[in-house]
S.K.: 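Quick one: structure below, then a few questions.
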Amino acid sequence: MIYLRGHLARPLDAVLSSGSRVAVLRALAGLAEGLGGRQVARAAGLNHQTAALALAALERLGVVQRLEWGAQRVLWRLDRRRWLVTEALEPLLAKEKAHARAVAAAVKSRFKGVGLGVLLHGDAAKGALAPGKPLKLAVVGGGRAAADAVRGLATELRERYGVAVEGRVVTPAEASRLGALEETWRLLPDEGRGWVTRR
């Protein structure tokens with residue numbers, strides 16, 4: 001059947017065809033109220049012109065809605081009247097948001113009660129982990145149990161989330177040096193920047 005081809009059969013090809021469109025969708029996902037064009041650009045991490053082009057393309061595709069707000073203001077929001085938005089895009093974007101939390105929960109579960117703590121370092125600690133780059137962990141203390149946990153975690157994250165892990169067991173002194181040399185993020189005992197304290 002001819003209508004089972006092209007945009008009707010594969011609308012995500014156009015909707016998700018550029019990073020700027022995806023960034024705009026992320027910025028609008030989960031918001032009941034609309035955002036102005038400049039707010040969308042800021043939330044998406046785009047310049048105003050790129051955001052405007054993405055919004056216009058997404059409006060033509062029927063996934064965002066332009067709302068006139070007063071005489072001069074235009075607001076944008078996801079068009080929740082559309083099946084593609086409510087049944088495909090919003091659930092996908094919500095699951096994406098949960099991805100990093102699920103990886104962090106897996107790390108915490110694996111190392112709970114093992115060693116003094118777990119530090120995230122490298123690109124992930126800066127919020128700049130690129131695809132294909134490993135999640136770098138330093139487990140403070142814990143000896144053999146920590147080394148076994150690192151190996152188990154590496155397998156779990158690779159198989160379930162497609163995330164590579166570079167983990168090592170370090171002493172508190174080595175962890176202090178690591179924290180002095182690069183940005184670190186505590187995953188255990190409690191999340192936050194900087195060095196772990198003894199429980």
S.K.: Taking the side chain as every heavy atom from C-beta outward, state whether E90 and L93 have any atom pair closer than 4.5 Å.
M.R.: no

S.K.: Is any side-chain heavy atom of L153 closer than 4.5 Å to one of L137?
M.R.: yes

S.K.: Looking at G36, is its backbone amide N or carbonyl O close enough to the side chain of Q39 to form a donor-acceptor pair, meaning the two atoms are under 3.5 Å apart?
M.R.: yes

S.K.: For the residue pair A138 and V170, what are the closest heavy atoms and their distance?
M.R.: CB-CG2, 4.0 Å

S.K.: I'd like to know whether L55 forms a side-chain contact (heavy atoms from CB on, under 4.5 Å) with V24, so could you lay out the CA-CA distance, the side-chain angles of the two residues, the decisive distance to 0.1 Å, and finally the verdict.
M.R.: CA-CA 7 Å; L55 284 164; V24 164; 3.6 Å; yes

S.K.: Flag the pair L31 / R77 as yes when at least one side-chain heavy-atom distance between them is below 4.5 Å, and no otherwise.
M.R.: no

S.K.: Compare every heavy atom of A149 with every heavy atom of F111, then report the nearest pair and how far apart it is.
M.R.: CE2-CB, 3.4 Å

S.K.: Tell me if a side-chain donor or acceptor on S176 pairs with a main-chain N or O of P172 at a distance below 3.5 Å.
M.R.: yes

S.K.: Locate the shortest heavy-atom distance separating H99 from V163; write the atom from each residue and the value.
M.R.: CE1-CG2, 4.3 Å

S.K.: Only one of V63, D79, L78 passes side-chain contact (heavy atoms from CB on, under 4.5 Å) with L89; say which it is.
M.R.: V63

S.K.: With a 3.5 Å distance limit and no angle check, can you tell me whether E182 reaches the backbone of G122 through a side-chain donor-acceptor pair?
M.R.: yes

S.K.: Is atom NZ of K133 surrounded by more than 12 heavy atoms (other residues, nucleotides or ligands) closer than 6.0 Å?
M.R.: no

S.K.: Supply the atom-to-atom distance E33 CD to L75 CG, rounded to the nearest 0.5 angstrom.
M.R.: 8.5 Å

S.K.: Are L12 and L84 close enough, and set up right, to give a side-chain contact (heavy atoms from CB on, under 4.5 Å), and what steps lead you there?
M.R.: CA-CA 9 Å; L12 292 178; L84 187 63; 4.1 Å; yes

S.K.: Answer with yes or no whether the hydrophobic clustering places L58 together with L67; edges join I, L, V, M, F, W, Y residues whose side-chain heavy atoms lie under 4.5 Å apart.
M.R.: no

S.K.: Please tell me whether V118 and L157 are part of a single hydrophobic cluster in this structure, the criterion being side-chain heavy atoms less than 4.5 Å apart.
M.R.: yes

S.K.: Show your reasoning for whether side-chain contact (heavy atoms from CB on, under 4.5 Å) applies to Q65 and R81.
M.R.: CA-CA 10 Å; Q65 186 177 21; R81 300 171 300 176; 3.6 Å; yes

S.K.: Is L53 reachable from L61 through a run of hydrophobic residues whose side-chain heavy atoms are each under 4.5 Å from the next?
M.R.: no

S.K.: Determine which pairs satisfy side-chain hydrogen bond (donor to acceptor under 3.5 Å, both in side chains) with at least one residue from residues 153-168, sequence neighbours left out, and list them in order.
M.R.: R110-E156

S.K.: Same hydrophobic cluster for L28 and V22, using side-chain heavy-atom links shorter than 4.5 Å among ILVMFWY?
M.R.: yes

S.K.: Give a yes or no on whether V103 and L92 share a hydrophobic cluster (residues Ile, Leu, Val, Met, Phe, Trp, Tyr; joining criterion: side-chain heavy atoms under 4.5 Å apart).
M.R.: no

S.K.: May I ask you to test the V64-V85 pair for a side-chain heavy-atom distance under 4.5 Å?
M.R.: no

S.K.: Considering all heavy atoms of both residues, which atom of R21 and which atom of A57 are nearest to each other, and what is their separation?
M.R.: NH2-CB, 3.4 Å

S.K.: Compare every heavy atom of A14 with every heavy atom of S17, then report the nearest pair and how far apart it is.
M.R.: OG-O, 2.9 Å

S.K.: Hey, what do you get for OG1 (T184) to NE2 (H121), rounding to the nearest 0.5 Å?
M.R.: 9.0 Å

S.K.: What closest approach, in Å, do E174 and V169 show between heavy atoms, and which atom pair accounts for it?
M.R.: OE1-O, 4.5 Å

S.K.: Verify the neighbour count for atom CZ of R38: are there more than 12 heavy atoms of other residues, nucleotides or ligands below 6.0 Å?
M.R.: no

S.K.: Would you find more than 12 non-hydrogen atoms of other residues, nucleotides or ligands less than 6.0 Å from E87 atom CD?
M.R.: yes

S.K.: Starting from the C-alpha separation in whole Å, work towards a yes-or-no answer on side-chain contact (heavy atoms from CB on, under 4.5 Å) for E59 and W76.
M.R.: CA-CA 9 Å; E59 182 184 28; W76 296 91; 3.7 Å; yes

